[in-house]
4 protein chains.
Amino acid sequence: MAGTEDKYNYGTGMNPTCQKLILATERLLRRDGLSHVTTRKIAQEAGVSEGALYHHFRDKAELLHAVVLISMGDFREILDGLPLLVGQRTVGENLEHMLQAAFEFQFKIVPIACSLYADHLLLARTREILSERGIGPQCSITVIAAYLQAEQRLGRVAADLKPEAASQLLLAGSFHKAMFDHFLARDLSEDVTRRHLREMVNALLAGIEPRPAGKN
Amino acid sequence: MAGTEDKYNYGTGMNPTCQKLILATERLLRRDGLSHVTTRKIAQEAGVSEGALYHHFRDKAELLHAVVLISMGDFREILDGLPLLVGQRTVGENLEHMLQAAFEFQFKIVPIACSLYADHLLLARTREILSERGIGPQCSITVIAAYLQAEQRLGRVAADLKPEAASQLLLAGSFHKAMFDHFLARDLSEDVTRRHLREMVNALLAGIEPRPAGKN
Amino acid sequence: MAGTEDKYNYGTGMNPTCQKLILATERLLRRDGLSHVTTRKIAQEAGVSEGALYHHFRDKAELLHAVVLISMGDFREILDGLPLLVGQRTVGENLEHMLQAAFEFQFKIVPIACSLYADHLLLARTREILSERGIGPQCSITVIAAYLQAEQRLGRVAADLKPEAASQLLLAGSFHKAMFDHFLARDLSEDVTRRHLREMVNALLAGIEPRPAGKN
Amino acid sequence: MAGTEDKYNYGTGMNPTCQKLILATERLLRRDGLSHVTTRKIAQEAGVSEGALYHHFRDKAELLHAVVLISMGDFREILDGLPLLVGQRTVGENLEHMLQAAFEFQFKIVPIACSLYADHLLLARTREILSERGIGPQCSITVIAAYLQAEQRLGRVAADLKPEAASQLLLAGSFHKAMFDHFLARDLSEDVTRRHLREMVNALLAGIEPRPAGKN
DNA sequence: AATGAATGAGCTTTCATTCAT
DNA sequence: GATGAATGAAAGCTCATTCAT
């Protein structure tokens with residue numbers, strides 16, 4: 001993915017000072033929570049000066065945003081690859097695979113994303129940054145909804161399903177689980193997590209209403 | 001607060017100054033977000049002196065805990081009526097009705113609940129308090145899951161549904177929407193909100209998988 | 001003047017901390033110039049904490065404003081007393097007396113007033129403070145113009161004089177001299193200053209145009 | 001700048017980078033006020049690197065001095081034409097015309113000239129430079145005073161007028177107006193400005209004292 | 001019990017200046 | 001000569017907490 005047209009290439013080929021700052025911020029956020037993460041501590045942890053932080057990022061919010069972007073990791077690639085999976089394997093397998101990646105991402109950013117609600121100014125600034133760059137949480141929902149719609153056209157998804165609603169339910173489910181796991185400070189094994197997510201996917205796949213005996 | 005028999009008796013028989021402080025804090029938390037709620041603003045909003053705050057609470061954290069406790073306390077009551085609906089009307093109607101109430105509550109507490117993630121100490125202490133009192137987000141999930149299980153026994157819900165998973169999906173969906181609405185600072189009409197929630201319920205009711213033509 | 005309705009009573013009966021801060025600011029401004037006068041230095045010089053500064057003044061601009069107000073000293077009283085002088089002594093004597101007081105005030109505030117132009121934000125904030133309180137430099141001009149108008153009605157001032165213009169000329173003249181004395185860092189004797197000011201008053205009194213021989 | 005014969009040759013035969021820096025600084029000073037003119041902004045505005053600034057000027061102060069010098073340099077030229085007007089048209093017309101030009105110049109330099117008062121070191125250094133070159137505000141006063149004296153000899157100006165005092169009153173009046181317009185951030189039409197200045201000239205021409213009925 | 005002035009450490013951000021390339 | 005990343009001190013301001021009254 002190096003050298004793509006991505007203007008905000010925080011994953012690869014990045015200035016080492018930038019990288020140090022982002023990693024330091026991520027580490028501190030996870031350990032202490034946003035309200036204890038000061039620019040001073042970040043600079044110290046990164047081993048650079050506080051001035052350097054403002055040389056590379058307009059403000060603290062922009063640094064936080066970079067942390068979020070870098071945390072997307074696999075999830076972004078999987079979202080990008082989703083259109084190619086239309087008609088492949090089963091819908092359930094595809095959704096489950098996607099949701100695992102989503103969860104991994106969400107689990108990392110819950111401490112940041114939720115912290116924003118503690119500071120309306122930071123929240124507003126984040127909104128600004130996201131809209132400046134034309135991205136945001138709704139993007140993931142839209143991409144998955146588009147996938148479901150494509151499968152709908154193939155008859156692999158119920159014709160009367162609202163793709164947006166189903167998509168939001170799934171992402172919300174994994175995000176909620178991520179918040180929950182953080183809240184309880186529980187460190188679940190990968191297996192348990194996978195099972196949780198699979199159960200959500202399955203519940204949504206089959207639906208709540210009983211199906212007439214026959215198929216399934 | 002001195003010497004009553006209920007250690008967490010923040011609702012009744014409380015010193016009026018205490019009560020004023022707690023209510024003022026709750027109002028401010030909702031309005032401004034944790035990081036802008038200062039002891040000075042709290043005292044002003046409550047109409048007492050800053051010093052008084054420290055007569056009734058050891059420190060700001062203790063006051064915040066009291067507020068969190070009160071705010072979260074309603075969790076249980078929200079769903080008390082649910083068991084009575086088993087077998088009544090349709091499952092869809094019952095769930096939708098429940099989700100509207102849940103959303104209203106969640107929308108109110110998002111700024112407070114999310115703020116907790118900004119401060120790991122506050123989060124840890126809240127975790128302890130809530131688990132001590134046997135409340136918290138898991139309660140809601142359990143109650144709804146119990147309702148679904150009861151309906152399952154009546155055959156009104158698919159036999160192979162995992163009630164916990166479906167329940168979490170729904171609550172997560174509305175919570176996610178609440179966070180989203182706050183993030184975008186959008187004030188949706190009641191109608192639009194109702195439609196959003198109904199679409200989620202419907203998506204989960206019918207499921208993603210296509211149903212064989214015929215009944216339903 | 002103690003106990004008047006003046007809401008911003010910075011001269012008398014003032015909180016000693018306030019007074020210390022104002023005096024310290026005045027001293028430092030005179031010595032170093034605004035751009036070297038930091039809130040930290042002010043607090044040190046005043047022998048109080050930096051926090052105390054912000055306890056008594058909303059921001060640095062408000063403190064500067066207080067310094068200006070306290071510097072008005074006699075000038076304000078003389079302006080207040082001007083209406084009573086209508087018809088008394090000669091117009092020249094009255095104006096000269098007023099201008100001496102104006103100069104004393106202006107000489108003190110030149111370093112502050114001019115410094116504001118170095119910082120557009122501070123300038124804007126000052127404009128805000130002044131308009132909040134309904135005061136400003138135009139007030140002095142107006143008061144003196146009113147005096148001239150009253151004398152006009154008595155025939156002691158030329159009927160076709162524009163009072164505002166004459167008033168501004170005088171105040172501008174002494175302000176300009178104050179700037180000039182500061183610029184040259186010259187410490188003129190009171191006598192020389194008095195003569196300068198008297199010459200300005202006289203020039204304006206008699207006018208530039210030659211008078212027909214006869215009276216005067 | 002290196003090794004030319006004119007120590008203050010900032011206008012001609014100068015290194016283009018130097019020139020760009022000086023012009024950029026002047027523009028910014030006028031627009032933003034001294035305290036917001038940073039070396040970074042200067043370099044950006046000049047289209048060179050921040051480092052280049054330090055190749056051509058020992059420090060920021062030296063650059064500022066160069067700018068002040070250039071800005072103030074016009075002082076002398078403004079009034080060069082005045083001696084030629086002695087005995088021409090009316091004294092009032094001549095003064096009014098001169099004051100319009102003076103105002104235009106003063107309005108431009110107010111932000112720079114006043115900013116000097118924010119930094120006593122800068123003020124002192126400017127004082128030295130200006131007096132070394134024999135320029136400064138006193139020059140304008142002297143030139144106008146000389147004009148008035150010449151007219152006095154022709155009987156077109158009252159014999160007992162102190163030319164210096166009248167001259168300073170006028171220049172002070174327009175400078176004061178310039179400061180005022182900046183302070184109020186008001187952008188007056190040329191017509192209004194012209195009227196303001198004309199009223200000042202007229203007030204000074206006719207004087208405050210009533211004239212015996214009859215001529216004039 | 002209640003007040004509110006005072007504290008001082010800490011916050012985010014800015015900026016003149018240096019220096020390896 | 002020119003660059004621009006890096007520095008680190010210092011700016012204005014905030015805030016939980018204390019304490020004399």
Side-chain angles (χ1 to χ4, degrees), chain A residues 15-18 20-21 35-44 46-61 63 119 121-122 125, chain B residues 2 15-18 35-44 47-64, chain C residues 15-18 20-21 35-44 46-61 63 119 121-122 125, chain D residues 2 15-18 35-44 47-64:
Chain A
N15 183 303
T17 302
C18 270
K20 275 189 277 181
L21 282 165
S35 74
H36 293 114
V37 174
T38 68
T39 51
R40 191 117 49 202
K41 279 188 196 161
I42 291 172
Q44 265 173 15
V48 302
S49 73
E50 219 175 328
L53 191 161
Y54 287 90
H55 191 77
H56 291 282
F57 300 93
R58 189 133 53 97
D59 54 20
K60 201 183 173 187
L63 173 56
D119 186 341
L121 268 73
L122 203 52
R125 175 83 179 98
Chain B
N15 182 308
T17 302
C18 258
S35 77
H36 289 108
V37 173
T38 68
T39 50
R40 179 176 297 204
K41 277 190 197 160
I42 292 172
Q44 264 174 14
V48 302
S49 76
E50 228 173 320
L53 193 159
Y54 286 86
H55 275 288
H56 294 281
F57 300 92
R58 189 148 44 91
D59 55 16
K60 195 189 172 190
E62 199 174 86
L63 172 56
L64 287 176
Chain C
N15 182 304
T17 301
C18 269
K20 277 188 276 181
L21 283 166
S35 74
H36 292 114
V37 174
T38 67
T39 52
R40 194 112 50 200
K41 277 189 197 162
I42 292 173
Q44 263 172 17
V48 302
S49 74
E50 218 177 331
L53 193 160
Y54 287 91
H55 191 76
H56 292 283
F57 301 94
R58 188 133 54 99
D59 53 21
K60 201 183 173 187
L63 173 55
D119 185 341
L121 268 72
L122 203 52
R125 175 80 179 101
Chain D
N15 181 307
T17 301
C18 257
S35 76
H36 289 109
V37 173
T38 68
T39 51
R40 178 176 297 202
K41 277 190 197 161
I42 292 172
Q44 264 175 16
V48 302
S49 76
E50 227 173 322
L53 192 158
Y54 286 87
H55 276 289
H56 294 280
F57 300 93
R58 189 149 45 89
D59 56 15
K60 194 188 170 190
E62 200 174 84
L63 172 56
L64 286 177

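Just so we're on the same page: letters track the sequence lines, and every chain starts at 1. Hydrogens, waters and symmetry mates play no part in the numbers below; they use all other heavy atoms, side chains included.
One interatomic measurement links the two molecules: CG of C:Leu121 to C1' of E:dT14, which rounds to 13 Å at whole-angstrom precision. Atoms CG (A:Leu53) and C1' (E:dT12) sit 10 Å apart, rounded to a whole Å. Between the CD atom of B:Gln44 and the P atom of F:dC15 there is a distance of 12 Å, rounded to whole Å. What separates CZ of D:Arg58 from P of E:dA16 is a distance of 16 Å, to the nearest Å. In this structure, B:Glu50 atom CD and F:dA20 atom C1' are separated by 16 Å, rounded to whole Å. Remark: P of E:dA16 and CG of D:Leu64 are 9 Å apart, rounded to the nearest angstrom. Distance C:His36 NE2 to F:dA9 P: 18 Å, rounded to the nearest Å. Taking atom CG on C:Leu63 and atom P on F:dG12, their separation rounds to 11 Å, with Å as the unit.
In this structure F:dC19 sits in a base pair with E:dG4, meeting the Watson-Crick or G-U test at under 3.5 Å. Across the strands present, E:dT13 finds its partner in F:dA10; the criterion is a Watson-Crick or G-U wobble pair with both atom distances under 3.5 angstrom.
At the phosphate of E:dT14, neither OP1 nor OP2 sits under 4.0 Å from any side-chain N or O atom of A:Tyr54. In this model, the phosphate group of F:dG1 is not approached by any side-chain N or O of D:His56 to a distance below 4.0 Å at OP1 or OP2. Taking 4.0 angstrom as the limit, B:Thr39 places a side-chain polar atom (N or O) nearer than this to OP1 or OP2 of F:dA16. Using a 4.0 Å cut-off, no side-chain N or O of D:His55 falls inside it from OP1 or OP2 of F:dA2.
The side-chain contact (heavy atoms from CB on, under 4.5 Å) with A:Glu50 is formed by just one residue from the set A:Gln44, A:His55, A:Arg40; it is A:Arg40.
Listed nucleotides: E:dT3, E:dT7, F:dT17. Nearest to the side chain of B:Ala52: E:dT3. Nearest to the side chain of B:Asp59, among E:dT7, F:dT17, F:dT7, sits F:dT17. Nearest to the side-chain atoms of D:Val48 among the listed nucleotides E:dT3, F:dT3, E:dA2 stands F:dT3. Of the candidate nucleotides E:dT12, E:dT13, F:dG12, E:dT12 has the atom nearest to the side chain of A:Thr38.
Closest approach of C:Asp59 to C:Tyr54, counting heavy atoms only: CA-CE2, 4.0 Å. Between A:Asn15 and A:Thr17 the shortest heavy-atom distance is OD1-N, 2.7 Å.
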Checklist entry - So C:Arg58 and C:Arg125, side-chain contact (heavy atoms from CB on, under 4.5 Å) or not? Walk me through it. => result CA-CA 11 Å; C:Arg58 188 133 54 99; C:Arg125 175 80 179 101; 3.6 Å; yes

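Side-chain contact between D:Glu62 and D:His56 is absent, with no heavy-atom pair separated by less than 4.5 Å. Looking at heavy atoms from C-beta onward, B:Leu63 lies out of side-chain contact with B:Lys60 at the 4.5 angstrom threshold.
Both C:Ser49 and D:Gly51 sit near DNA chain E, but only C:Ser49 has its closest nucleotide nearer the 5' end. When each of C:Arg40 and B:Arg40 is assigned the nucleotide of DNA chain F with its nearest heavy atom, C:Arg40 is the one assigned upstream, toward the 5' end. Both C:Val37 and D:Gly47 sit near DNA chain F, but only D:Gly47 has its closest nucleotide nearer the 5' end.
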